[in-house]
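So the structure is just underneath, and the comments pick up after that.
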Amino acid sequence: MKQRIEIGILYSRSGNYRLLSEACRDGAMHGIATVNADPASGVEFVPVGRDPEGQIDRYAPLCEDILRTTTVRHVVGCITSWSRKEVIPVLEKTGGTLWYACPYEGFESNEHVVYMNACPNQHLVPLLGYIVPRFGRNAFLVGSNYIWGWETNRVARDLVGDAGGQILGERYLPLGDVDVGRLIDEIRATRPSFILNHLIGPSSYAFFAAYEQLTRDDPWFSAETCPILSCNLTEIELPAIGDAAQGHIAVGPFFDDGTTRWPQGTASSEQPVQPRPSSFFVSAFSSVIVLADMLSVGENEGNLDFAGRTFATPFGPIAIDPQTQHASLPVKIGRVAGQAFEMVEEVAERIDPDPYLSRYDPLATFGRPNLRAVS
């Protein structure tokens, strides 16, 4: 008989990053359906959901409500680093664990968080290692005005310097701001080799649209000459951007090619997978699958031991570093083609997490010895 276990779901269903949030929520719910439909699993998950509605001041109270008023010990949730950092004190007080399914800026490790998407050595480092030899060394950095934008661009400044390049500009917009004219004017004036985009939601969509117009005015800024690079762009947002995304480049642990093998036990047509599941969907799905795997073999809900374990996920087999609780992940670099990504380069094997970049080697990065071209 399966053990019934409540699991928290903390995602906004409205707000500036709704598309990303819905992808994560869908992935988590599909994971729950998959576990519950699998006769080999020893657990049955009961979701306990809360909706912060995109308001940062609601994440901590709602997370605490879940952990104080139910039997939940594990919460799959949060999109922004801002919201993740808001709930960490609650997790520390209550002994809960957050399964975080989004790429993030690194330089963090907390025993109450399992980081299930990429950190800088799994996104930004290989991305720039691919880009610099092909497009040049000089960057323009844009981002939303909060932790993800600030800190990822801080790492990018160091990496571009290591590559012998220059930062020709660095600008930020408040979350949700779509007034991108000043950014476009500065990019036009400075003519960088590439633009590193850490804008979120509507700000990013407006930026792509304005950059497409800039390309019409000056072909120098075409994706073939001066691409926009993203560490968090996935299939789920391409319809919102439209043709303006074509040819631009993103990095992530997963891009859907229609051949993904879902773990045995995945529910059938009653819980269909998204037409093109994104890495956000897959990370949240995998969070639930990994947790179920751990609990099915008798792990204590409050003290998971990841040492020596590997897990079957749509990413392929992954491990969780027991010291930092970050996932080992594949690295894929894709170019937007239609409503999908075509792979241009990928790492042959999964990359172990290095959230503090303690093993980063500039020569190896920009020499790309561990990468194989696929087109």
Side-chain angles (χ1 to χ4, degrees), residues 1-11 22-50 63 66-67 70-78 91 95-102 111-117 253-254 256 259-274 277-322 325-330 350:
M1 183 175 180
K2 290 192 174 196
Q3 179 186 5
R4 287 172 60 87
I5 298 174
E6 290 187 313
I7 182 173
I9 305 295
L10 186 64
Y11 286 118
E22 286 285 358
C24 284
R25 183 182 181 279
D26 288 347
M29 296 304 292
H30 188 75
I32 291 170
T34 297
V35 169
N36 292 352
D38 184 0
S41 175
V43 300
E44 177 183 347
F45 284 134
V46 179
V48 177
R50 298 290 187 272
C63 185
I66 292 174
L67 292 167
T70 73
T71 62
V72 167
R73 305 281 17 107
H74 293 269
V75 177
V76 185
C78 298
L91 301 167
T97 297
L98 175 72
W99 294 72
Y100 186 65
C102 303
E111 63 182 346
H112 294 278
V113 182
V114 182
Y115 304 82
M116 288 293 289
N117 207 312
F254 177 93
D256 181 57
T259 65
T260 303
R261 292 186 177 182
W262 296 84
Q264 187 175 4
T266 297
S268 62
S269 59
E270 293 180 5
Q271 293 89 22
V273 178
Q274 290 180 335
S278 67
S279 64
F280 287 77
F281 179 99
V282 172
S283 291
F285 175 91
S286 298
S287 297
V288 176
I289 297 300
V290 170
L291 177 60
D293 193 336
M294 297 291 288
L295 298 180
S296 290
V297 297
E299 287 282 348
N300 185 308
E301 269 200 84
N303 185 27
L304 301 180
D305 183 4
F306 296 108
R309 295 292 308 276
T310 57
F311 306 93
T313 75
F315 292 128
I318 68 169
I320 309 292
D321 174 29
Q325 298 197 153
H326 288 64
S328 62
L329 294 167
R350 69 185 186 222

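Bear in mind that the values here come from a model prediction, so they are computed numbers and not experimental data. Heavy atoms only: backbone and side chains are in, while hydrogens, waters and symmetry mates are out.
Interatomic distance, CE of Met29 versus CD1 of Ile9, reported as 6.0 Å (0.5 Å rounding). Taking CE of Met116 as the reference point, atom OG of Ser286 lies at 5.0 Å (rounded to 0.5 Å). Rounding to the nearest 0.5 Å gives a distance of 4.5 Å between CG of Leu91 and SG of Cys63. How far CD1 of Ile320 is from CG of Asp305: 12.0 Å, rounded to the nearest 0.5 Å. Annotation: the span from Ile289 atom CD1 to Asp38 atom CG amounts to 8.0 Å, rounded to 0.5 Å. Here the CD-OG distance, from Gln3 to Ser41, works out to 10.0 Å after rounding to the nearest 0.5 Å.
Contact of the Ile66 side chain with the His74 side chain is not registered, since no non-hydrogen atoms from C-beta on lie closer than 4.5 Å. A 4.5 Å side-chain heavy-atom check between Pro317 and Arg350 finds at least one atom pair inside the cut-off. Using a 4.5 Å cut-off on side-chain heavy atoms (C-beta onward), Phe285 and Pro314 make contact. With a 4.5 Å cut-off on side-chain heavy atoms, Thr313 and Val290 count as touching. Taking the side chain as every heavy atom from C-beta outward, Ile7 and Ile32 approach each other to under 4.5 Å. Between Val75 and Val48, every side-chain heavy-atom pair lies at or beyond the 4.5 Å cut-off.
Under the ring pair (Phe, Tyr, Trp, His ring centres under 6.0 Å) criterion, Tyr115 pairs with Tyr104, His326, not counting sequence neighbours.
Side-chain atoms of Gln325 come within 3.5 Å of backbone atoms of Glu111 as a donor-acceptor pair (strictly under, hydrogens ignored). A donor-acceptor pair is defined here as one N or O able to donate and one able to accept, closer than 3.5 Å; such a pair exists between the side chain of Glu6 and the backbone of Thr71. Listed for the Arg73 side chain is no donor-acceptor partner under 3.5 Å among the backbone atoms of Thr97. Under a 3.5 Å cut-off, the side chain of Ser328 and the backbone N or O of Ala319 do form a donor-acceptor pair. Formation of a donor-acceptor pair under 3.5 Å by the Asn36 side chain with backbone atoms of Phe45 is found in this model.
Heavy-atom minimum distance, Ala284 versus Ala28: CB-N, 3.7 Å. Pairing each heavy atom of Phe315 with each of Ser283, the nearest pair is CZ-OG, 3.3 Å. Taking every heavy atom of both residues into account, Asn117 and Ser279 meet most closely at ND2-O, 3.8 Å. The shortest heavy-atom contact between His30 and Phe281 is CB-CZ, 3.9 Å. Leu67 and Val72 make their closest contact through CD2-O, 3.2 Å (heavy atoms, listed as atom of the first residue, atom of the second, distance). Considering all non-hydrogen atoms of both residues, Ala327 and Ile318 come closest at CB-CD1, 4.4 Å.
Note on ring orientation: taking the six-membered ring where Trp is involved, the planes of Trp99 and Phe306 are perpendicular (angle over 60°, cut-offs 30° and 60°).
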